[in-house]
Amino acid sequence: MTFRIHNTLTKSLEDFRALHDHGAVTFYSCGPTVYDDAHIGNFRSFLNADLLRRALELHGYTVKHVMNITDVGHMTEDDAADGGGEDKMAVAGRRIAEAKKSGRLPAGAEIDASNPYAVADFYADRFLEDARHLGLKVAIEERVHPELMPRPTRCVPQMIALVEQLVAGGFAYVAKDGVVYFSVQSFPAYGRLSGNTLEHLREGEGGRISAEHQAVKRHPADFMLWKPDPTHLMRWPSPWGDGYPGWHLECSAMAKMLLGEEIDLHSGGEDNIFPHHECEVAQSCCASGRPHFARVWFHTRHLQVEGEKMSKSKGNFFTARDLFSKGVTPAALRLELVRTHYRTNSNFTMQGLRDCQRMIDRWAAARVALVERAASVSPNAAQDGPMQRALVEFKDAVGDDLNLARAMAALNTAIGETAAGDAKAELAALDAMNSVLGVFERNEALASAANDDLAAKVEVLLERRKAARVAKDWAESDRVRDELTVLGVRIKDGPQGTTWERAV
RNA sequence: GGUCGCGUACCCAAGUGGCCUAAGGGAACGGAUUGCAAAUCCGUGAUUCGUGGGUUCGACUCCCACCGCGACCUCCA
């Protein structure tokens with residue numbers, strides 16, 4: 001079965017062909033920066049990368065997936081190329097210090113806000129926690145294989161080596177200001193990925209390049225590889241003086257270190273196409289002498305919230321943990337973030353989250369029924385049942401440029417059909433579909449102190465309602481139910497008694 | 001100014017030249033069930049695919065223009 005995927009580099013759908021016949025598919029994803037909590041837009045990109053990886057695995061590939069955690073504090077303004085503004089890690093430290101003072105620091109957080117490494121570790125740990133809840137496989141693997149989620153502050157020697165190699169090869173130069181720049185004119189293919197060729201790049205159109213820095217560069221698009229700055233918050237010794245690496249450098253260096261000079265897949269958000277990935281290509285290809293860095297570039301479009309651009313000022317800015325604390329299950333959030341095709345803008349809504357939860361609950365109920373059937377009915381391999389038939393379509397859909405909507409439709413259709421086929425094989429087929437969806441393992445709201453308080457309250461009310469119902473005191477019973485509704489709790493009466501959940 | 005993606009029912013969304021008088025899910029509505037609800041189960045939904053032209057025997061699907069939304073052009077997933 002072929003696996004088709006859209007490649008930003010060629011702007012077309014391609015049949016995926018692994019670089020190597022044997023061994024794993026090599027996949028590098030641009031991960032989070034850790035000077036704040038990752039928001040759901042970040043997670044849409046990371047989860048789509050995870051979906052791609054899982055889809056490849058369903059198609060029989062072994063995937064070595066690496067995702068970096070950027071713990072170098074980049075600058076707040078205009079810094080990528082030139083290094084102006086303030087270090088974001090310093091801003092984060094100050095924010096934590098303020099939170100500490102006002103008592104808003106999250107429980108159990110003992111951190112030295114003046115230490116940028118501690119700030120980075122604090123947010124990195126929170127990211128990993130969120131990512132594991134959401135089923136990001138690479139974050140789950142990281143517990144056993146920490147090298148799969150490398151951090152640039154621990155790979156500075158590799159970055160310096162890469163810069164040395166580029167300088168020696170004539171692809172980079174030290175300018176009058178002591179900064180090492182990559183020379184875009186030394187790489188004729190510059191612009192191939194993004195379409196921003198040197199002719200198309202109009203000087204200053206983005207309005208963020210200061211004339212002062214431009215003056216020392218050979219070409220306005222030349223970007224920084226190493227900036228000497230003895231006063232910088234995070235700095236390392238180098239042949240060009242104490243300073244810090246340019247922000248495109250880490251991905252090239254770490255991908256090479258962990259996956260090799262040429263890799264199968266590279267992913268990121270659409271905003272990474274230019275300049276970040278364009279610059280990575282330039283660095284990596286010039287250093288390796290190969291025509292390609294990544295064979296396939298995979299980019300996820302941005303997420304909107306309730307039809308608007310997500311922003312803190314509009315109040316529609318969500319982190320994963322914000323939603324978890326409202327009782328949203330990781331499964332529902334995961335599905336809401338990946339169900340819209342990765343190459344279209346998706347619109348995150350609370351209603352969408354509820355839709356996903358309904359769908360997941362129906363799948364989960366079908367699984368429970370299958371487990372029961374597998375335990376009670378003797379094997380019967382006469383014919384494939386609905387799940388086995390759905391799996392064929394599911395696999396094909398997922399291998400068609402990650403057409404998850406079509407894949408889910410196949411599963412939904414199967415769920416509406418009468419159970420048939422060998423129950424164990426049917427269960428295996430359903431679980432194979434879930435190996436891509438990744439929802440069954442995380443379809444529970446997360447526990448928190450606030451939830452525990454609520455649970456205690458709810459238990460008391462449920463007992464009271466039960467007593468009223470036994471006494472056929474319907475007025476009291478309904479009153480208690482209204483009280484629960486006010487608390488944001490939805491109850492379900494079933495044969496095994498009453499269950500409840502927080503309304504989302 | 002340049003480069004690029006998208007626009008299908010109330011919402012999410014598949015379909016990219018005839019099988020489309022357009023999948024699937026949610027919401028809504030009707031029915032079963034229930035003390036009444038919720039949950040569950042059954043049923044109902046676009047003669048139409050942003051707008052206007054064109055190509056074609058035939059267009060949601062190709063081309064052109066326009067409108068709208070979004071991304072990038074050195075912070076950004």
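Every chain is numbered from 1, with letters handed out A, B, ... down the list of sequences.
- With its ring centre under 5.5 Å from that of the base six-membered ring and a plane angle below 30°, His302(A) counts as stacked on A77(B).
- Closest to the Phe46(A) side chain, of the nucleotides G5(B), A77(B), C36(B), is A77(B).
- Between the P atom of G70(B) and the CG atom of Asn316(A) lies a distance of 12 Å, rounded to the nearest Å.
- Gln304(A) comes within 4.0 angstrom of the backbone, heavy atoms only, and of no base.
- As a whole-Å value, the separation of Tyr190(A) OH from C73(B) C1' is 10 Å.
- U8(B) and G54(B) are spaced 24 Å apart, taking the P atom of each and rounding to whole Å.
- In this structure, Arg218(A) satisfies the cation-pi test against Tyr173(A), with its NZ or CZ atom closer than 6.0 Å to the six-membered ring centre and inside 45 degrees of the ring normal.
- Contact annotation for Gly41(A): base contact, defined as any heavy-atom pair under 4.0 Å involving a base atom.
- Here C60(B) sits opposite no nucleotide as a Watson-Crick or G-U wobble pair (both hydrogen-bonding atom distances under 3.5 Å).
- Comparing the C1' positions of C49(B) and C20(B) gives an interatomic distance of 10 Å, to the nearest angstrom.
- Shown here, U51(B) forms a base pair with A65(B); the pair counts as Watson-Crick or G-U wobble because both key distances fall under 3.5 Å.
- Atom C1' of nucleotide U16(B) and atom CZ of Arg4(A) are separated by 11 Å, given to the nearest angstrom.
- In a base pair of the Watson-Crick type (N1 to N3 plus N6-O4 or O6-N4) or a G-U wobble (N1-O2 and O6-N3), with each distance short of 3.5 Å, G70(B) is matched with C4(B).
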Report the C-alpha distance between Asp482(A) and Thr485(A) in whole Å, list the side-chain angles of each, state the deciding distance to 0.1 Å, and finish with yes or no for side-chain hydrogen bond (donor to acceptor under 3.5 Å, both in side chains).
CA-CA 5 Å; Asp482(A) 290 345; Thr485(A) 305; 4.9 Å; no

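- With Glu270(A) contributing its side chain and His302(A) its backbone, the two residues share a donor-acceptor pair below 3.5 Å.
- No donor-acceptor pair under 3.5 Å is formed between the side chain of Asp361(A) and the backbone N or O of Arg358(A).
- Contact annotation for Thr340(A): backbone-only contact, meaning every heavy-atom pair under 4.0 Å involves sugar-phosphate atoms and none involves a base.
- Look at Arg339(A) and you won't find any side-chain N or O under 4.0 angstrom from OP1 or OP2 of A14(B).
- One can place CG of Asp401(A) at 14 Å from C1' of G15(B), the figure rounded to the nearest angstrom.
- Residue contacts for His39(A): at a heavy-atom cut-off of 4.0 Å it reaches a base atom on one of the strands shown.
- Lys309(A) has a side-chain polar atom (N or O) that falls below the 4.0 Å cut-off from OP1 or OP2 of A71(B).
- The separation of G24(B) from A14(B), taken at their P atoms, amounts to 15 Å, rounded to a whole angstrom.
- If you check G35(B), A14(B), C73(B) against the side chain of Phe274(A), the one that comes closest is C73(B).
- Other residues, nucleotides and ligands contribute only 12 or fewer heavy atoms inside 6.0 Å of the CZ atom of Arg192(A).
- Across all strands shown, Lys472(A) has no heavy atoms under 4.0 Å from either base or sugar-phosphate atoms.
- Of the candidates C76(B), A14(B), G25(B), the closest approach to any side-chain atom of Asp271(A) belongs to C76(B).
- Nucleic acid contact for Arg362(A): sugar-phosphate only, since backbone atoms but no base atoms lie under 4.0 Å from a heavy atom of the residue.
- Residues passing the side chain to side chain donor-acceptor pair (under 3.5 Å) test with Asp396(A) are Arg406(A), sequence neighbours excluded.
- The NE2 atom of His277(A) sits 13 Å away from the P atom of C73(B) (whole-angstrom rounding).
- Rounded to whole Å, the P atom of A37(B) lies 12 Å from the corresponding atom of G30(B).
- Comparing the same atom, P, in C12(B) and in A27(B) gives a spacing of 15 Å after rounding to whole Å.
- Arg358(A) has a side-chain polar atom (N or O) that falls below the 4.0 Å cut-off from OP1 or OP2 of A39(B).
- Residue-to-nucleotide contacts include no donor-acceptor pair under 3.5 Å from the side chain of Asn48(A) to the base of A77(B).
- Side-chain atoms of Arg465(A) lie closest to G35(B) of the nucleotides G24(B), G35(B), G25(B).
- When the side-chain nitrogen and oxygen atoms of Arg301(A) are compared with OP1 and OP2 of C4(B), none of them lie within a distance under 4.0 Å.
- With respect to Arg321(A) and Asp130(A), a salt bridge is recorded, a charged nitrogen being found less than 4.0 Å from a carboxylate O.
- In terms of position on RNA chain B, the residue among Ile491(A) and Met310(A) whose nearest nucleotide sits closer to the 5' end is Ile491(A).
- Rounded to a whole angstrom, the distance from the P atom of A65(B) to that of C42(B) is 49 Å.
- Counting any heavy atom pair closer than 4.0 Å across all strands shown, Asn412(A) reaches sugar-phosphate atoms only and no base atom.
- Distance Phe348(A) CZ to C11(B) C1': 14 Å, rounded to the nearest Å.
- For G7(B) and C66(B), the C1' atoms lie 14 Å apart once the distance is rounded to whole Å.
- Among the nucleotides C6(B), A77(B), G2(B), the one closest to any side-chain atom of Asn196(A) is G2(B).
- In this structure, Asp361(A) reaches neither bases nor backbone, as no heavy-atom distance under 4.0 Å exists between it and the strands shown.
- Asn272(A) comes within 4.0 angstrom of the backbone, heavy atoms only, and of no base.
- Rounded to whole Å, atom C1' of A27(B) lies 15 Å from atom CG of Leu353(A).
- Summarising the geometry, the separation between CD on Glu270(A) and P on C72(B) is reported as 6 Å, rounded to the nearest angstrom.
- Spacing between C64(B) and C19(B) at atom P, rounded to whole Å, works out to 25 Å.
- When both distances must be under 3.5 Å, the Watson-Crick or G-U wobble mate of G45(B) does not exist.
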For residues 489-497 of chain A, tabulate all N or O donor-acceptor pairs below 3.5 Å that involve a side-chain atom, not counting sequence neighbours.
residue: Asp493(A); atom: OD1; partner: Arg465(A); partner atom: NH1; Å: 3.2
residue: Asp493(A); atom: OD1; partner: Thr498(A); partner atom: OG1; Å: 2.8
residue: Asp493(A); atom: OD2; partner: Arg465(A); partner atom: NH2; Å: 2.8

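- Using a 4.0 Å heavy-atom cutoff across all strands shown, Leu303(A) reaches at least one base atom of the nucleic acid.
- Using a 4.0 Å heavy-atom criterion, one finds that Arg44(A) contacts no nucleic acid atom at all.
- Of all the heavy atoms in Ala410(A) and Ala390(A), the pair that sits closest is O-CB, 3.6 Å.
- RNA chain B is contacted by both Ser477(A) and Lys11(A); Lys11(A) maps to the nucleotide lying nearer its 5′ end (nearest heavy atom per residue).
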